[in-house]
Amino acid sequence: MECVVQGIIETQHVEALEILLQGICGVQRDRLRVHEICLKNNPNLGNVASEVRLLCDLEQPEPTWTVKHLGGAMRGAGAEQISVLVRTMVESKVSKNALRLFNALGYKLDHELLRVGFAFHFQRGAQITVTVSSVNKMLKLHATDEAVPVTPGIQLVEVTAPASSENYTEVASSVSSFCEYLAPLLHLSKPGVSTGVVPTAAAAAVSLMSDGGGTTLFS
């Protein structure tokens with residue numbers, strides 16, 4: 001299970017966001033270059049379609065693979081009262097032969113993306129990960145070197161934190177509190193809820209760039 005929120009930011013303000021995140025987190029960023037392959041199966045009569053994502057970390061000297069399954073979002077009154085999306089999630093390391101295996105199991109390629117950017121990993125009430133990336137599409141099958149931006153000039157920001165059925169309320173609260181620090185630059189909401197860019201982003205970016213990020217806000 002995980003808690004997640006997303007937002008978008010103009011590429012011209014990403015450097016300011018990085019400065020802000022550096023000051024908040026107090027840790028160094030990790031470079032991000034991930035080839036994401038989304039696979040879906042064709043369900044037999046009476047079965048539910050399944051979707052898995054194969055993630056290849058291209059930043060490693062030897063690319064590593066992870067399989068990730070995202071389940072349905074939590075529903076009900078409790079879900080409506082919190083500002084983050086809570087959904088089931090299972091992931092595991094796999095070998096480079098995973099794509100061949102899932103093809104043999106009946107999964108077919110739905111789409112593939114290349115995400116390029118950076119990520120921060122830190123502890124603040126929960127183990128929070130913030131990723132900032134350009135989302136690119138492939139013009140040819142698996143041709144990551146020829147990928148082009150899906151939305152030029154815009155980058156995706158995602159905040160996630162692992163949770164369980166026992167502590168998701170506390171984790172969601174930690175994620176929401178953290179997001180308030182980013183409010184001058186972007187608005188984060190549940191995936192699928194489009195909020196657009198923040199009108200105050202340009203002024204906030206200028207202030208952050210001139211201030212140089214200041215000191216760590218908390219650890």
Side-chain angles (χ1 to χ4, degrees), residues 2 4-25 28-40 51-60 63-66 68 70 84-85 87 99 108-121 128-160 175 178-213:
E2 70 175 358
V4 57
V5 288
Q6 292 179 342
I8 58 174
I9 188 171
E10 292 178 281
T11 301
Q12 61 183 327
H13 302 321
V14 166
E15 185 178 356
L17 176 60
E18 182 182 351
I19 290 173
L20 178 59
L21 287 170
Q22 181 70 61
I24 293 173
C25 306
Q28 294 298 313
R29 71 172 194 172
D30 294 324
R31 294 178 61 182
L32 182 75
R33 185 176 174 84
V34 175
H35 180 196
E36 179 178 309
I37 302 173
C38 180
L39 303 169
K40 291 185 178 181
E51 175 182 312
V52 297
R53 300 180 186 181
L54 291 179
L55 310 175
C56 182
D57 185 353
L58 300 175
E59 274 297 321
Q60 302 301 319
T64 58
W65 290 82
T66 301
K68 187 173 186 178
L70 297 177
V84 308
L85 182 73
R87 64 188 179 192
L99 180 57
K108 304 296 183 183
L109 176 67
D110 184 70
H111 65 270
E112 57 180 340
L113 301 169
L114 177 69
R115 300 181 185 271
V116 181
F118 57 87
F120 284 91
H121 308 274
I128 296 176
T129 296
V130 182
T131 60
V132 183
S133 62
S134 168
V135 180
N136 304 274
K137 61 184 178 181
M138 257 54 95
L139 299 178
K140 299 178 183 177
L141 185 66
H142 306 332
T144 56
D145 291 339
E146 300 178 29
V148 297
V150 174
T151 51
I154 295 292
Q155 298 208 20
L156 175 70
V157 181
E158 187 172 68
V159 181
T160 59
V175 171
F178 168 75
C179 291
E180 293 177 6
Y181 288 94
L182 308 183
L185 282 174
L186 76 156
H187 179 72
L188 294 152
S189 58
K190 296 178 181 179
V193 179
S194 178
T195 55
V197 296
V198 176
T200 58
V206 170
S207 176
L208 283 163
M209 295 298 285
S210 61
D211 186 48

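Heavy-atom basis, side chains included; hydrogens, waters and symmetry copies ignored.
In this structure R33 satisfies the side chain to side chain donor-acceptor pair (under 3.5 Å) test with no other residue, sequence neighbours excluded.
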Which donor-acceptor pairs under 3.5 Å do the side chains of residues 111-118 make with protein atoms, sequence neighbours left out?
unit_1, atom_1, unit_2, atom_2, d
E112, OE1, H35, NE2, 2.7
E112, OE1, H142, ND1, 2.8
E112, OE2, H142, N, 2.7
R115, NE, E36, OE1, 3.0

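The minimum heavy-atom distance between H121 and D30, with the atom names listed, is CD2-OD2, 3.0 Å. The two residues F178 and I24 make their nearest non-hydrogen contact at CE1-CG2, 3.6 Å. Nearest heavy-atom pair, L188 versus C179, reported as atom, atom and distance to 0.1 Å: CD1-SG, 3.5 Å. Between H13 and A201 the shortest heavy-atom distance is CD2-CB, 3.8 Å. Listed here is the closest heavy atom pair of F120 and Q22: CE2-OE1, 3.9 Å. Heavy-atom minimum distance, N136 versus V150: C-CG2, 4.0 Å.
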### Task
Step by step, work out the side-chain contact (heavy atoms from CB on, under 4.5 Å) result for L21 and L182.
CA-CA 8 Å; L21 287 170; L182 308 183; 3.8 Å; yes
### Intermediate values then yes/no, side-chain contact (heavy atoms from CB on, under 4.5 Å), T144 and M138
CA-CA 6 Å; T144 56; M138 257 54 95; 4.2 Å; yes
### Query
When you look at E2 and R87, which way does the side-chain contact (heavy atoms from CB on, under 4.5 Å) test go after all the steps?
CA-CA 6 Å; E2 70 175 358; R87 64 188 179 192; 2.9 Å; yes
### Query
So L109 and L99, side-chain contact (heavy atoms from CB on, under 4.5 Å) or not? Walk me through it.
CA-CA 9 Å; L109 176 67; L99 180 57; over 6 Å; no
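One finds the CG atom of L55 at 9.0 Å from the CD1 atom of I37 (value rounded to the nearest 0.5 Å). Here NZ of K137 is found 10.0 Å from OG1 of T151. Values are rounded to the nearest 0.5 Å. Note that CD of E59 is 10.5 Å distant from OG1 of T64, once rounded to the nearest 0.5 Å. In this structure, CG on L54 lies 5.0 Å from CG on L39, to the nearest 0.5 angstrom. Atoms OG1 and NZ, on T66 and K68 in that order, are 9.0 Å from each other to the nearest 0.5 Å. Once rounded to the nearest 0.5 Å, the distance linking CG of L208 with CD1 of I19 reads 6.5 Å.
L70 has its side chain out of reach of E51: every pair of non-hydrogen atoms, C-beta onward, lies at least 4.5 Å apart. Inter-residue side-chain proximity for P191 and V4 is flagged as met; some heavy-atom pair is nearer than 4.5 Å. In this structure, L186 and I8 have side chains that are not in contact, with every pair of non-hydrogen atoms separated by 4.5 Å or more.
Around atom CD of Q28, no more than 12 heavy atoms belonging to other residues, nucleotides or ligands sit under 6.0 Å away. Within 6.0 Å of atom CD in E15, 12 or fewer heavy atoms from other residues, nucleotides or ligands are found, so the atom counts as exposed in its surroundings.
Between V157 and the choices T131, V130, V14, the side-chain contact (heavy atoms from CB on, under 4.5 Å) rule is met once, by V130.
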